[in-house]
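First the structure, in the form of structure tokens, and then the observations on it.
Bear in mind that the values here come from a model prediction, so they are computed numbers and not experimental data. Each chain gets a letter, A, B and so on, in the order its sequence line appears, and its residues count up from 1.
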There are 2 protein chains.
Amino acid sequence: MSSAEATDTRSRILEAARRLLVDGAGAATRMSDIAKAAGVSRQAVYLHFESRAALLIAVTKHMDAVLGVQERLKPTRAARNGEDRVKAFVAFWGAYVPEIYTVARALMAMRDSDAAAREAWDGRMAAVREGCAAAIAALEREGRLRPNWTLTTATDLFWAMLSVPVWEQLTQGCGWSSTDYIERIQTQALATFATPG
Amino acid sequence: MSSAEATDTRSRILEAARRLLVDGAGAATRMSDIAKAAGVSRQAVYLHFESRAALLIAVTKHMDAVLGVQERLKPTRAARNGEDRVKAFVAFWGAYVPEIYTVARALMAMRDSDAAAREAWDGRMAAVREGCAAAIAALEREGRLRPNWTLTTATDLFWAMLSVPVWEQLTQGCGWSSTDYIERIQTQALATFATPG
DNA sequence: CCTTTCAATTTACATGATGTCAATTGACAC
DNA sequence: GTGTCAATTGACATCATGTAAATTGAAAGG
């Protein structure tokens, strides 16, 4: 069955790309590396993906399915107050970023040269912003958002605190563990945005 | 006088590069663009600078001189207490980044592919970290550093808050003005690190 | 059995950037 | 004049992405 084989090859490419991006050369991974790892010719990759950018974008989607993002987000939605929600979202994010980091970096690096990559990245980040906005809104509903902030400005800043480069600098550069990152960003977010309990 | 002419050409290249990076195509600026703008051949650029990375690094140094970094840092050192010092450093940074931003971006983008660029960038960022550390240390000397933080962890996080990508996201992405940025990051830094007045 | 179809292969090529090399020009200094 | 040195010109190497065309091989279906 040719279409089943095709799907199979496509998946093999996707998996090979994911593996190389996560464990291998990271953002420096080339199309030929991926082809070799998948056991196909370089041109076969272009048969399934329009461009390097399209492949990277497909890998991120593939990973979301594998990692079960929706499942991981449940505690966030279950939070019973604003403070819990902020903490839950930071905890989700702090556990999630390490798994997508190298792929995210590759996509980020392509933003300058490829419009599709830029759009895909912006879309993912817009989804993260939604999560930030929901947490801030929960605080605000309880009257616990500090008067310095509006919904928008607090969301902007919370979102920036959670950006991938910040995570990168703190964990890769400063040697923070995942737990360190989560606890300290939770602390900062509450100190910044929430009125004392 | 041949050596005077050489210096002159070198300066013209540097200035052309600076102009293109700041006002022109930004990080996408090519060696040939710079040569054309300086009115010399592309190869003449390589006569003065080993590589694109070396040229970018030279541009940042050139800009520090032009922008008078030391002068701008004076208010920071003149601050009479920790809170003032934190605020002064954020104010300095918030006024400084817009001027170096596009050049910084070009250098950042080269980090992956060029070791010299990476080193140069890390060096600049290490200097910024010094500024962060000094401000945090001033707070701590007054017993106003919140007990959640150590000198190191607070410096790490303050430094990350001031990173260029955060500035970029807030000002370019979220539309914050320079004043917005300065005021709000000051607020966040004090809320996070300083015990209430 | 033969033919169509379609994924995949092989090989070659186009492009666009950085960086290298060698021969040449032109001006100024001694 | 002759040597020196910056700069020019033009060709070339390299390395990655992406394109194109001809070919193979296997499965599906009359």
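- With sequence neighbours excluded, no residue forms a salt bridge (charged side-chain N to carboxylate O under 4.0 Å, His left out) with Glu50(A).
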- Could you go step by step and tell me if Arg129(B) and Asp156(B) meet the salt bridge (charged side-chain N to carboxylate O under 4.0 Å, His left out) rule? CA-CA 8 Å; Arg129(B) 202 194 140 94; Asp156(B) 287 344; 2.4 Å; yes
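- Counting only residues at least two apart or in different chains, salt bridge (Lys or Arg N to Asp or Glu O under 4.0 Å) contacts with residues 185-197 of chain A are absent.
- Between Leu47(A) atom CG and dA20(D) atom P there is a gap of 14 Å when expressed in whole angstrom units.
- Residues satisfying the salt bridge (charged side-chain N to carboxylate O under 4.0 Å, His left out) test with Arg118(A), not counting sequence neighbours, are Asp122(A).
- Distance, Asp114(A) CG to dT15(C) P: 20 Å, rounded to whole Å.
- In DNA chain C, runs of at least 3 stacked Watson-Crick or G-U pairs (N1-N3 plus N6-O4 or O6-N4, or N1-O2 plus O6-N3, all under 3.5 Å) give these stems: C:1-30 with D:1-30.
- One can place CZ of Arg52(A) at 8 Å from P of dG18(D), the figure rounded to the nearest angstrom.
- Within residues 26-46 of chain B, the residues approached by DNA chain C to less than 4.0 Å at the level of any non-hydrogen atom are Arg30(B), Met31(B), Arg42(B), Gln43(B), Tyr46(B), in residue-number order.
- Arg18(B) meets the side-chain hydrogen bond (donor to acceptor under 3.5 Å, both in side chains) test with Glu15(B); sequence neighbours excluded.
- Residue pairs meeting the side chain to side chain donor-acceptor pair (under 3.5 Å) criterion with at least one member in residues 20-37 of chain B, sequence neighbours excluded, are Arg30(B)-Asp33(B).
- Evaluation of the salt bridge (Lys or Arg N to Asp or Glu O under 4.0 Å) test over residues 140-154 of chain B, restricted to residues two or more places apart or in two chains, returns Glu83(B)-Arg144(B).
- Atom CD in Glu50(A) sits about 8 Å away from atom P in dT19(D), given to the nearest Å.
- A straight line from CZ of Phe49(A) to P of dA7(C) spans 14 Å, rounded to a whole angstrom.
- In summary, the side chains of Thr150(A) and Thr153(A) do present a donor paired with an acceptor at a separation below 3.5 Å, with no hydrogens or angles considered.
- Annotation: salt bridge (Lys or Arg N to Asp or Glu O under 4.0 Å) contacts involving residues 172-193 of chain A, sequence neighbours excluded, comprise Asp180(A)-Arg184(A).
- OP1 or OP2 of dT17(D) has not a single side-chain nitrogen or oxygen of Ser51(A) nearer than 4.0 Å.
- For His48(B), a side-chain nitrogen or oxygen approaches OP1 or OP2 of dA7(D) to under 4.0 Å.
- For Met110(B) and dA17(C), the CE to C1' distance is 11 Å, given to the nearest whole Å.
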